[in-house]
Number of protein chains: 2
Amino acid sequence: MNLSIAEENYVKSIYKLQEGDAVVTTNALAYELETKPASVTDMAKKLKEKKLIDYEKYKGITLSSEGRRVALQIIRRHRLWECFLVDKLAFSWEEIHELAEELEHVRSEKLISRLSDYLGNPVIDPHGDPIPDAHGKMAKPRPQTSLDQANARRLVVTAVTDQSTALLAFLNAKNIKLGTQLEVIAHYEYDNSIEIKLKQHPAITISEQVARNIMVRPV
Amino acid sequence: MNLSIAEENYVKSIYKLQEGDAVVTTNALAYELETKPASVTDMAKKLKEKKLIDYEKYKGITLSSEGRRVALQIIRRHRLWECFLVDKLAFSWEEIHELAEELEHVRSEKLISRLSDYLGNPVIDPHGDPIPDAHGKMAKPRPQTSLDQANARRLVVTAVTDQSTALLAFLNAKNIKLGTQLEVIAHYEYDNSIEIKLKQHPAITISEQVARNIMVRPV
DNA sequence: AATATTATTTAGACAAATCTAAATAATAAA
DNA sequence: TTTATTATTTAGATTTGTCTAAATAATATT
Ligand SMILES: [Mn+2]
Ligand SMILES: [Mn+2]
Ligand SMILES: [Mn+2]
Ligand SMILES: [Mn+2]
């Protein structure tokens with residue numbers, strides 16, 4: 001089945017919003033793809049026709065098993081290109097998402113398997129997200145929680161859930177990256193901000209919004 | 001100016017067919033792009049509107065200076081990706097053209113300049129074609145002739161003009177690649193075929209059609 | 001110079017992807 | 001359980017890139 005770039009982007013976004021088994025709503029998908037609900041309805045009909053999604057009027061969207069397979073391939077391509085950009089071309093993690101958003105649409109099994117080999121078959125991307133293998137199998141992510149809900153005091157950063165340039169640039173400025181170890185000093189109840197300390201750096205206070213998007217596990 | 005993939009492909013093909021200063025005809029461009037003359041006429045109007053080409057009804061097409069600039073950027077991207085595929089991912093020269101045809105449309109100055117650095121700023125691609133630099137400057141190709149017109153006896157292969165998978169696969173089978181040294185044994189007048197000999201290989205006879213597409217210079 | 005052939009353009013249509021505005025369905029509030 | 005609000009879909013339009021068939025222009029042939 002030959003999918004257009006638009007169709008691939010829809011499938012990928014549906015996968016992302018599904019998070020397991022939840023039904024994806026028209027509005028949520030429109031927001032995610034920065035398009036209009038009417039456009040989503042149009043595309044939903046096409047993707048249903050192609051048997052990539054299950055969809056009934058007013059009932060929301062879920063991926064079919066074929067749709068899931070396709071989504072995982074696209075995600076694989078996306079994340080491998082991200083690894084390439086960071087590991088080989090020395091891009092930083094906030095610059096790569098947009099580029100990978102385009103590179104992911106070059107469809108060639110051979111290209112991607114060679115790229116993966118070339119990169120040493122990585123299993124996580126520069127944002128800490130797992131990379132599906134050629135069969136769509138992903139390493140189950142190690143148990144992790146968002147920083148605002150972590151109990152332990154000594155933590156290591158494992159991923160970021162929001163990959164906006166703005167957040168990643170903020171984290172760069174504060175020297176926080178994947179693998180960074182930090183210690184929670186205090187929770188401030190007033191605004192749910194959190195004071196943390198990185199080795200060799202003075203303590204800083206980060207907002208709840210930032211903390212929610214940093215995934216951590218006990219060191 | 002933001003060009004679509006289709007527009008980029010047109011500009012690149014016009015550049016290729018122009019070969020210096022010749023006017024490009026509607027039919028030639030349609031054939032090159034595997035489309036119909038009517039479609040070319042439609043697109044010519046759009047590219048003229050965008051000031052990328054000079055075009056008057058029935059008078060053919062030439063690139064404007066802006067069009068030339070754009071074409072050289074696309075060619076740069078195409079050839080750098082070809083280098084990447086061969087040098088880093090171990091593709092062979094007949095597989096890379098199609099992939100580069102897609103990769104060339106990822107527009108990012110930064111990506112391409114980093115890629116170029118990463119590859120050691122190569123000046124020729126795996127087919128022997130020169131790679132424009134960031135300003136569109138290309139190394140003037142060293143004087144070369146097609147194998148069927150070469151006078152010298154000892155020659156070295158510098159480029160191939162036809163990059164079809166079929167020709168490149170044929171050359172692979174005969175162990176002919178860029179830099180291969182060969183000796184012309186005989187010209188056969190009957191069908192203009194040429195007998196050549198590679199070091200450590202028995203002599204072989206190649207057709208005029210093949211010889212026309214192999215570029216060489218005296219060793 | 002008239003006629004035939006070839007090249008190019010136009011007219012009109014279509015598919016993909018999108019949009020706005022209006023209609024309808026689902027859900028929440030009164 | 002009506003009524004209001006929100007979510008979703010439909011109707012109809014637009015843009016981009018393409019096509020076929022017909023018309024016209026340019027060129028070649030007689
Ligand atoms: Mn994308
Ligand atoms: Mn990522
Ligand atoms: Mn292309
Ligand atoms: Mn090439």
Side-chain angles (χ1 to χ4, degrees), chain A residues 1-15 17-19 22-63 67 70-71 74 101-102 104-107, chain B residues 1-15 17-19 22-63 67 70-71 74 101-102 104-107:
Chain A
M1 186 159 3
N2 226 22
L3 301 184
S4 68
I5 290 174
E7 288 169 332
E8 284 197 341
N9 284 332
Y10 271 87
V11 168
K12 190 160 64 94
S13 290
I14 295 165
Y15 184 95
L17 295 180
Q18 248 193 255
E19 277 284 332
V23 168
V24 176
T25 66
T26 302
N27 275 357
L29 191 49
Y31 181 80
E32 172 72 19
L33 286 162
E34 296 180 86
T35 183
K36 294 283 140 60
S39 308
V40 170
T41 301
D42 290 343
M43 183 60 93
K45 290 173 186 167
K46 280 186 241 169
L47 295 178
K48 182 187 182 176
E49 189 59 39
K50 294 193 171 189
K51 299 193 188 306
L52 293 167
I53 62 170
D54 296 317
Y55 167 67
E56 295 301 331
K57 261 195 205 180
Y58 298 106
K59 299 261 175 77
I61 297 168
T62 55
L63 288 177
V70 168
I74 304 165
E101 202 56 52
E102 302 197 46
E104 70 187 358
H105 301 294
V106 178
R107 264 149 297 190
Chain B
M1 185 159 6
N2 226 19
L3 300 184
S4 68
I5 290 175
E7 288 168 333
E8 285 197 339
N9 284 331
Y10 270 89
V11 168
K12 190 159 64 96
S13 289
I14 295 165
Y15 184 95
L17 294 178
Q18 246 191 258
E19 277 283 335
V23 168
V24 175
T25 65
T26 303
N27 275 358
L29 191 48
Y31 181 79
E32 172 72 19
L33 286 162
E34 295 180 88
T35 183
K36 294 284 140 62
S39 307
V40 170
T41 301
D42 290 342
M43 183 60 93
K45 290 174 186 166
K46 279 185 241 171
L47 295 179
K48 183 188 181 174
E49 189 59 38
K50 293 193 173 192
K51 300 193 189 305
L52 293 167
I53 63 172
D54 296 318
Y55 167 66
E56 294 300 331
K57 263 195 203 183
Y58 298 107
K59 298 258 175 80
I61 297 169
T62 54
L63 287 177
V70 169
I74 303 165
E101 202 56 50
E102 302 196 46
E104 70 187 359
H105 301 294
V106 177
R107 265 149 296 189

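In what follows, every chain begins at residue 1, and chains take the letters A, B, ... in the order their sequences are listed.
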ask   = Given A:Met43 and A:Lys46, is the side-chain contact (heavy atoms from CB on, under 4.5 Å) satisfied, shown in steps?
value = CA-CA 5 Å; A:Met43 183 60 93; A:Lys46 280 186 241 169; 4.3 Å; yes
request  = For B:Arg107 and B:Glu8, run side-chain contact (heavy atoms from CB on, under 4.5 Å): C-alpha distance rounded to whole Å, both residues' side-chain angles, the deciding distance at 0.1 Å, then the answer.
outcome  = CA-CA 11 Å; B:Arg107 265 149 296 189; B:Glu8 285 197 339; 2.9 Å; yes
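Side-chain atoms of B:Leu52 and B:Glu7, non-hydrogen and from C-beta on, never get closer than 4.5 Å to each other. Side-chain contact check for A:Glu104 versus A:Lys12: some heavy-atom pair is nearer than 4.5 Å. For the pair B:Ile61 and B:Gln18, the minimum side-chain heavy-atom distance is 4.5 Å or more. Side-chain contact between A:Val40 and A:Tyr10: present, with at least one pair of heavy atoms (C-beta onward) separated by less than 4.5 Å. For the pair A:Asn9/A:Glu101, a side-chain contact is recorded, criterion being any heavy-atom separation below 4.5 Å from C-beta on. Two residues are said to be in side-chain contact when any heavy atoms from C-beta on lie closer than 4.5 Å; A:Tyr55 and A:Leu47 fail this criterion.
Residues from residues 23-38 of chain B placing a heavy atom under 4.0 Å of any atom in DNA chain C, listed by number, are B:Thr25, B:Thr26, B:Asn27, B:Pro37, B:Ala38.
B:Lys59 comes within contact range of no nucleotide atom at all, as no heavy-atom separation falls under 4.0 Å.
A:Leu3 places its CG atom 16 Å from the C1' atom of C:dA15, with the value rounded to the nearest Å. Across the protein-nucleic acid pair, B:Ile5 atom CD1 and C:dA16 atom P stand 17 Å apart, rounded to whole Å. Here the C1' atom of nucleotide C:dA16 and the CG atom of A:Asn9 are 15 Å apart, to the nearest Å.
Bending across the helix from C:dA1-D:dT30 to C:dA30-D:dT1, expressed as the angle between its end axes from five pairs apiece, amounts to 10° (10° rounding).
A pairwise comparison of heavy atoms in A:Val11 and A:Gly67 identifies CG1-O, 3.5 Å as the closest pair. Heavy atoms only, all atoms of each residue included: A:Gly60 and A:Val23 are closest at CA-CG1, 3.5 Å. Residues B:Pro37 and B:Thr26 share a closest heavy-atom pair of O-CG2, 3.5 Å.
The nearest heavy atom of DNA chain C to A:Tyr58 and to A:Lys46 marks one nucleotide each, and the one closer to the 5' end goes with A:Lys46. Between A:Ser39 and A:Lys57, the one whose closest nucleotide on DNA chain C sits nearer the 5' end is A:Ser39.
First and last contacting nucleotides of DNA chain D toward chain A (any atom under 4.0 angstrom from a heavy atom, 5' to 3' order): D:dA7 to D:dT10.
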